[in-house]
Amino acid sequence: MAHCYLGLDLGKRRDPSAVAIVEREEPAFHRLDYVAYLRGQEKLEAKFAVRHLERVPLHTSYVLVAEKVRQMVRTPELRGRCTVVVDAGGVGEAVLDLLRDGRMDCPVVPVMITGGTRVRCESGVWNVPKRDLIAALQVLLEQKRLTIAADLPGAKALVDEMMSMRARVTPAGNEQMGAWKAGTHDDLALAVAMACWRAKGDERGVGERADGRLV
């Protein structure tokens, strides 16, 4: 069964919160073209698809945002096959508590989006450079492993955000990734990027068990 990853980017005063759902479908042997596989023309790799995009109305309380996510993951479509990846920066800690107290019945992965250069996990919170999140999204797109249906509500806004992403160097010499054009948001792109980052991190090779050993 395909697994889903719900990315939740929490809005600030002028930015709305955003919810994205990315589905990861594992490779299936029965669909494999063995001739192409042996020739190196086809790979056994998971495929990813953006299934849902949504901006929560500005000024919506974080309590209501957390409740919305809780209701989503308990729907028949997501129950038992979803991981929530939530922005843990700023007010994220309070929202994280609301999610954990809400009987989510699914894993909740907190991500602190940083301007650093390496990924690390401290006390159960993942510190991930923003450029790593965006890179995970870009790599899947370049490999043609991530699809975004043209008629999906919010798809155009997502593509516009991804196209506006740029890296710039601060006076202190630090590289920052973001949408720098005035009036441009990056909430949808970050929600998808967090979901893709975790989905890609959970990916296993064909014949590999959850503990990393081969079967």
Side-chain angles (χ1 to χ4, degrees), residues 1-11 14-28 30-33 42-60 64-87 104 106 109 111 113 130 133-166 177-203:
M1 178 184 294
H3 194 78
C4 290
Y5 294 80
L6 186 152
L8 172 60
D9 179 58
L10 293 171
R14 298 180 180 178
D15 298 307
S17 297
V19 179
I21 297 176
V22 174
E23 183 179 60
R24 186 190 69 207
E25 183 179 2
E26 301 300 338
H30 68 275
R31 299 178 186 171
L32 179 66
D33 182 336
E42 183 171 339
K43 295 182 180 180
L44 279 170
E45 294 179 318
K47 301 294 184 182
F48 303 79
V50 179
R51 298 300 188 195
H52 180 82
L53 293 168
E54 180 178 355
R55 279 196 177 109
V56 181
L58 199 62
H59 306 308
T60 300
L64 292 179
V65 172
E67 176 61 20
K68 179 180 185 62
V69 171
R70 187 188 71 82
Q71 291 179 3
M72 292 177 71
V73 301
R74 299 187 73 179
T75 60
E77 294 79 10
L78 295 181
R79 184 187 291 272
R81 68 179 193 102
C82 184
T83 296
V84 174
V85 190
V86 58
D87 172 14
M104 300 284 286
C106 72
V109 180
V111 172
I113 302 174
K130 190 173 184 177
L133 295 174
I134 300 303
L137 175 56
Q138 292 175 335
V139 166
L140 289 177
L141 286 169
E142 290 170 1
Q143 294 175 341
K144 298 182 179 179
R145 298 172 61 196
L146 175 67
T147 58
I148 306 168
D151 59 350
L152 180 71
K156 184 181 183 303
L158 170 62
V159 172
D160 288 345
E161 286 185 14
M162 292 189 298
M163 293 293 290
S164 70
M165 285 288 180
R166 297 288 187 276
M177 175 72 75
W180 306 114
K181 185 178 179 180
T184 302
H185 299 290
D186 62 5
D187 45 285
L188 286 174
L190 280 177
V192 174
M194 286 192 295
C196 287
W197 172 81
R198 185 63 187 191
K200 199 170 183 299
D202 285 348
E203 186 180 7

Considering all heavy atoms of both residues, which atom of [X] and which atom of [Y] are nearest to each other, and what is their separation?
| X | Y | answer |
| --- | --- | --- |
| Ala149 | Ala155 | O-CB, 3.5 Å |
| Arg55 | Pro16 | CD-CG, 3.7 Å |
| Lys144 | Lys47 | O-NZ, 4.3 Å |
| Ala195 | Tyr5 | CB-O, 3.6 Å |
| Cys106 | Cys82 | CB-O, 3.1 Å |
| Met72 | Leu78 | O-CD1, 3.3 Å |

Roughly how far apart are [X] [atom1] and [Y] [atom2], rounded to 0.5 Å?
| X | Y | atom1 | atom2 | result |
| --- | --- | --- | --- | --- |
| Ile21 | Leu53 | CD1 | CG | 9.0 Å |
| Leu141 | Leu146 | CG | CG | 4.5 Å |
| Leu158 | Asp186 | CG | CG | 11.0 Å |
| Asp87 | Leu133 | CG | CG | 9.5 Å |
| Glu67 | Thr60 | CD | OG1 | 13.0 Å |
| Lys156 | Asp151 | NZ | CG | 15.0 Å |

Quick one: does Arg24's side chain have a donor or acceptor within less than 3.5 Å of a partner on Lys200's backbone?
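It does not hold such a pair.
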
Answer yes or no: is there a donor N or O on one side and an acceptor on the other, between the side chain of Ser17 and the main chain of Leu10, under 3.5 Å?
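No, because the side chain of Ser17 does not come within donor-acceptor range (under 3.5 Å) of the backbone of Leu10.
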
- prompt: For Met104 and Val69, what are the C-alpha separation, side-chain angles and deciding distance, and is it a side chain to side chain contact (heavy atoms under 4.5 Å, CB included)?
  reply: CA-CA 9 Å; Met104 300 284 286; Val69 171; 3.7 Å; yes

query: Taking C-beta and beyond as the side chain, do Asp187 and Glu161 meet within less than 4.5 Å on heavy atoms?
result: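 When only atoms from C-beta onward are counted, Glu161 and Asp187 do touch, with a gap below 4.5 Å.
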
Q) Is there a side-chain contact between Ile113 and Met194, using heavy atoms and a 4.5 Å cut-off? A)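 A side-chain contact under 4.5 Å exists here.
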
Step by step, would you call Arg198 with Val22 a side chain to side chain contact (heavy atoms under 4.5 Å, CB included)? CA-CA 10 Å; Arg198 185 63 187 191; Val22 174; over 6 Å; no

Requested in this report: Check the pair Ile134, Leu190 against side chain to side chain contact (heavy atoms under 4.5 Å, CB included), reporting the backbone distance first and the verdict last.
Outcome: CA-CA 7 Å; Ile134 300 303; Leu190 280 177; 4.2 Å; yes

When you check the gap from the basic side-chain N to the acidic O, do Arg51 and Glu77 get nearer than 4.0 Å?
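Salt bridge flag = no for Glu77 with Arg51.
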
